[in-house]
Amino acid sequence: MTKVEKNAISPTREQDFPEWYQQVIRAAELAEPSDVRGCMVIRPWGFGIWENMQRQLDALFRATGHRNAYFPLFIPLSYFAKEAEHVEGFAKECAVVTHTRLEVDAAGKMKPASPLTEPLVVRPTSETIIGASYAKWVQSYRDLPILLNQWANVVRWEMRPRLFLRTTEFLWQEGHTVHETEAEARAETQRMLGVYETFARDHCAIPVFAGEKSEGEKFPGAVQTMTIEAMVQDRKAIQAGTSHFLGQNFARASGIQFQNREGKQEFGWTTSWGMTTRMVGTVIMAHGDDDGVILPPRIAPTQIVILPITPKEETRGQVLEVCDKLASDLRLKRYADLGLEIEIDHRQFGGGIRNWEWIKKGVPIRLELGPRDLENHSVTVSRRDHPMKEKQLMPVTEFVACAQEILGSIQQNLYQRALKFRDANTRAIESKEEFYDFFTPKDSVKPEIHGGFALAHWNGSREVEEKIKSDLKVTIRCIPVSDPEPGRCIFTGQASKRRVIWAKAY
RNA sequence: CGGGCUGUGGCUCAGCUUGGUAGAGCGCCUCGUUCGGGACGAGGAGGCCGUGGGUUCAAAUCCCACCAGCCCGACCA
């Protein structure tokens, strides 16, 4: 070879993190920008990750008593406008359908014709349209709770799209529930936050901080917004899931009323909660390295790829046969409540091309099997979470016996790594000077990776929040659910009940 | 929505100042040698030069308009 690059992805994370992110997605064939502004094409490998996330989250929802349903993509403007804060919050990013057909104009061009009497908003979220159904379904306290979820696409007309992290159209899941009492609805909000926390940790191998959003960062129309916040490798925060206690705001707007146990009419107490394809981007940024994506086995579309090494025509048949046998033995194994997903890459490329492709895609385990292994009944095992040079020669039977164990160990390792990284970049901060210093890069022209999560006291005021945001682009990510720790606000010196988490965010 | 920059094979770009009908690298295809760490050689395919108009004998190149994208700002659950 004439040129040997040290890493598969250029630039490295250190050199230019945002560009690295784009290149990783391209190299791993996860997704690509489409011709439609702000929208992306999710390719099979990327969609496979999402499908696994879906499957596993869905199981967690079912286990907590929720069922799936589907509601319309289009929301009549009048429904949407029922909750004042809600419309105001979303107004600037709504796509609106105003016409129902196309006609050829004088110049021979297709033009929208036949205006609708009432415009339809393409759902940016579905509280109001689902609320309309709930209003019909709920009459008595005996109809409660309603615990539904829908898997859907939503549209939010964003200014700065980034693949997976912020796109005009994205895929998500939105849960919508109605309860008899405030306490029950609040408990539901917490419970689903817990589900997200579990999902992030056990399936995506990402540690998160769970907590409450400040007044300024709340969902429009919510009484309380809970969030899980992850840290990715440029030390920025990313909101990975939210759970809202909506009080009676939406019930009032949609007319969700029931006769309570005392025979009186009362508005229902509602919640909503969601997680999106942004989680795919979070996984990429949390675990990836300078050679590409690294996928936690539980959400990898394929856990193990087999690379038959067939240098000689004479042994090719035998090698392929052994590979097929190995694949079918492995496929009998259970993993993540499903069968193990195995792929054999039969393509006859020279050198390490195939190997590199799978490294970039982040497959947890690569198996090389060639003529030399035939006699020894052995296989060469490479783990994506270990340096690529590191290979382990192992009897085939032994590998088959411990495959799940190795995958479990990779899953654990990724989580521990991410946890260690986050903890190393999370600091208690005791003064304003220290805070500004923490969040100010040394190189102002081309900022290096800096900052992290700052745990600092805050007096609870909106003004301080705004000031910090405009000075440093740092926001309160969440007010942790933890025991109070009285102190003094580092910006104003006023009393503070607890530390809150500050960070730059996606 | 305001300011700046850029649109040329699949990708990254050169050519434009000084108009003469299109190039490189990578990728792709074929053949041969290779193949357990990103291989090498030879040959080959592929372009309405963002769109529309204008100037000219002649436009990728000059002029005008439009469209799209990127960066900065504003905005942003």
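Note: hydrogens, waters and symmetry copies are ignored here, and every other heavy atom, side chains too, is used. Lettering of chains follows the sequences in order, A, B, ..., and the numbering in each one begins at 1. Predicted model only: the values in this text are computed from it and were never measured.
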Q: Within the pair A/Lys92 and B/C76, is there a side-chain N or O less than 4.0 Å away from OP1 or OP2?
A: yes
Q: Nearest whole Å is fine: how far is B/C11 C1' from A/Ile25 CD1?
A: 17 Å
Q: Kindly compute the distance separating CG (A/Leu165) from CE (A/Met285), expressed to the nearest 0.5 Å.
A: 4.5 Å
Q: Give a yes/no verdict on a cation-pi contact between A/Arg235 and A/Phe17, requiring under 6.0 Å between NZ or CZ and the six-membered ring centre and an angle within 45° of the axis.
A: no
Q: So for A/Asp373 and B/G36, does any side-chain atom that can act as donor or acceptor lie under 3.5 Å from a complementary atom in the base?
A: yes
Q: Does A/Glu32 form a salt bridge (charged side-chain N to carboxylate O under 4.0 Å, His left out) with A/Arg43? I'd like the steps, not just the answer.
A: CA-CA 8 Å; A/Glu32 61 191 31; A/Arg43 304 184 67 179; 3.7 Å; yes
Q: Does B/G41 pair with anything, Watson-Crick or G-U wobble, both distances under 3.5 Å, and if so, with which nucleotide?
A: B/C31
Q: Only pairs with both distances under 3.5 Å count, Watson-Crick or wobble alike; so what is the partner of B/C57 in this structure?
A: B/G20
Q: Applying the Watson-Crick and G-U wobble criteria at under 3.5 Å, what pairs with B/C66? Answer none if nothing qualifies.
A: B/G50
Q: Where the side chain of A/Ile353 is concerned, which of B/G36, B/A39, B/C76 is the nearest nucleotide?
A: B/A39
Q: When both hydrogen-bonding distances must be under 3.5 Å and the geometry is Watson-Crick or G-U wobble, what is B/G10 paired with, if anything?
A: B/C26
Q: Could you check whether any side-chain heavy atom of A/Glu357 comes within less than 4.5 Å of a side-chain heavy atom of A/Val363, counting everything from C-beta outward?
A: no
Q: Report the nucleotide, chosen from B/G38, B/G73, B/G36, that has the shortest atom-to-atom distance to any side-chain atom of A/Glu368.
A: B/G36
